[in-house]
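All values reported here derive from a predicted model rather than from experimental measurement.
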Amino acid sequence: MKKSLIALAVLATTGAAFAQSSVNLYGRIDTSVGSSKIGAPGLAARSNQMFSGNLTSTRWGVRGSEDLGGGLKAIFGLEQGFDSSNGTQTAGDAFNRMAMVGLSGGFGAVKLGRHDTSFDDIRDLTVSSNIFDSGTFATTEGVVGTSGYLGVGQLADYGDRANNQIRYESPSFGGFSAGFSYGLDEQTAPVKRDVTAVNVRYKAGKLDVGYGYQENANEVAASNLEFNTLGAAYDFGSFRLSGGWNQVKNQASRKSDAYSIGAIVPVGAFDLSMGYSTAKAKQGSATFEKGDAFSAAVAYNLSKRTRVYAGLTTGDIENAAGTKVREREVYALGLAHTF
């Protein structure tokens, strides 16, 4: 009897400890079949293929927290991207999307490791209703550039994550919040490759608006890039709208400004989405490139976690003479599941 009571006490104590902690496995798998044509007009070849992550990036992860008492929590997150068409890991690193540990409480949250930059929070806001914030179909990809495709102005895009990062997220004060992140370059002089970002945001009811800034430092002036973005989203009930301005400039007098707008319209089990982006780049005071992109997609929700979809994005970039120099077209039919 005494041994039974001791065992019950141990189990009760263990249960209480587990109740203070949580660990969750989650992920998304998005696979589609379609076609792409990306590159110089007349030279770019069309490729029919199976894609991974066209509507939402394929990934899996583990995240959790431990209650330390007094409102303080230890938090962690590990997230890896992979190619669902062949099972390979993306981007080389084991947890290329996130590898973070931190603390959260009444002061906000402090996170250490690889994570999204503070700028990325607002950049995502600008396209939250632009083809479901797709990394392939969102029209921003056609004007600011993406993997294997130079955007208007031929300047690299910002990079949504940084290694060796210290990130702070403030609590909300009447809807207002702010964030700061700094990624150490861990390089010796004269090399300078740190990533600094800040944001300010206001969320109230159906309105969400924010500003973000990021600098990707580089010892070469033409590669030292600064990014500014202003984004907003509003849920009208019958449809959701998002849009924003994105700017990138280097220290060699080159600058590109892009404007985007997108909408999602729920119709029963269907979600319809469209997006449009336009951009113009200048070297000094002279415009040397401009471009536009348009996208449309429809998703049918088989359940809260599974949907089939079809999407198309098309766009091109012209030089100062009006000659088309780059084009990007992708369409696909796919299936996405969240767990």
Do [X] and [Y] have side-chain atoms, one donor and one acceptor, less than 3.5 Å apart?
X    : Y    : result
T56  : R28  : yes
N246 : Y158 : no
T58  : S52  : yes
Q89  : Q80  : yes
N130 : T139 : yes
Q165 : Y182 : no
R201 : S177 : no
E215 : N224 : yes
D30  : Y309 : yes
T117 : Q214 : yes
E289 : Q154 : yes
Q49  : S36  : yes
W60  : E79  : no
N54  : S32  : yes

Look at D121 together with R167 and state whether they make a salt bridge at an N to O cut-off of under 4.0 Å. yes

Ignoring hydrogens and angles, tell me if any N or O in the side chain of [X] forms a donor-acceptor pair with the backbone of [Y] under 3.5 Å.
X    : Y    : answer
S295 : F137 : yes
S242 : S129 : yes
T306 : S303 : no
S273 : A263 : yes
T229 : I122 : no
N319 : G322 : yes
E169 : S104 : no
R59  : S57  : yes
T146 : Y149 : no

Report yes if the side chains of [X] and [Y] come closer than 4.5 Å at any heavy-atom pair, otherwise no.
X    : Y    : answer
K192 : Q187 : no
V23  : F76  : yes
F180 : I166 : no
V152 : V144 : no
R63  : S22  : no
L312 : F294 : no
H337 : R305 : yes
R254 : L155 : yes

Y331 and T314: side chain to side chain contact (heavy atoms under 4.5 Å, CB included), yes or no, with the steps? CA-CA 9 Å; Y331 62 82; T314 181; over 6 Å; no

What pair of heavy atoms forms the shortest contact from [X] to [Y], and how long is it?
X    : Y    : value
E226 : Y213 : OE1-OH, 2.8 Å
A281 : G153 : CB-CA, 3.4 Å
N96  : D93  : ND2-O, 3.1 Å
I131 : A297 : CG2-CB, 3.7 Å
A233 : L125 : CB-CD1, 3.7 Å
R328 : G142 : NH1-N, 4.1 Å

So if you build clusters from Ile, Leu, Val, Met, Phe, Trp, Tyr with side-chain heavy-atom gaps below 4.5 Å, do [X] and [Y] land together?
X    : Y    : answer
F82  : F95  : yes
L72  : Y168 : yes
Y259 : L230 : yes
V110 : M100 : no
V198 : W245 : yes

How far does [atom1] of [X] sit from [atom2] of [Y], to the nearest 0.5 angstrom?
X    : Y    : atom1 : atom2 : value
E327 : L43  : CD    : CG    : 9.5 Å
T196 : D194 : OG1   : CG    : 5.0 Å
D116 : M98  : CG    : CE    : 8.0 Å
S256 : N250 : OG    : CG    : 11.0 Å
I38  : L150 : CD1   : CG    : 12.0 Å
N164 : D185 : CG    : CG    : 8.5 Å

The test is side-chain hydrogen bond (donor to acceptor under 3.5 Å, both in side chains); show your working for T88 and D83 and say whether it passes. CA-CA 5 Å; T88 59; D83 188 328; 4.5 Å; no

Nonpolar side-chain network containing F176, other nodes, edges under 4.5 Å: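 Same cluster as F176: Y202, L207, V209, Y234, F236, F239, L241, I261, V265, V267, F270, L272, Y276, V298, Y300, L302, V308, L335.
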
Return yes when atom NZ of K290 has more than 12 non-hydrogen atoms of other residues, nucleotides or ligands closer than 6.0 Å, and no otherwise. no

Working for salt bridge (Lys or Arg N to Asp or Glu O under 4.0 Å), residues E186 and R193: CA-CA 8 Å; E186 298 188 341; R193 303 290 172 85; over 6 Å; no

Do we get R307 above F132's six-membered ring, with its NZ or CZ under 6.0 Å from the centre and within 45° of the axis? yes

Between I317 and K324, does a side chain to side chain contact (heavy atoms under 4.5 Å, CB included) hold up when you go through it step by step? CA-CA 6 Å; I317 297 171; K324 189 187 298 185; over 6 Å; no

Dump the intermediate steps for salt bridge (Lys or Arg N to Asp or Glu O under 4.0 Å) on D67 and K73, then the final yes or no. CA-CA 5 Å; D67 190 343; K73 289 185 177 181; 5.9 Å; no

Between R161 and R114, does a side chain to side chain contact (heavy atoms under 4.5 Å, CB included) hold up when you go through it step by step? CA-CA 7 Å; R161 298 173 182 84; R114 181 169 175 80; 3.7 Å; yes

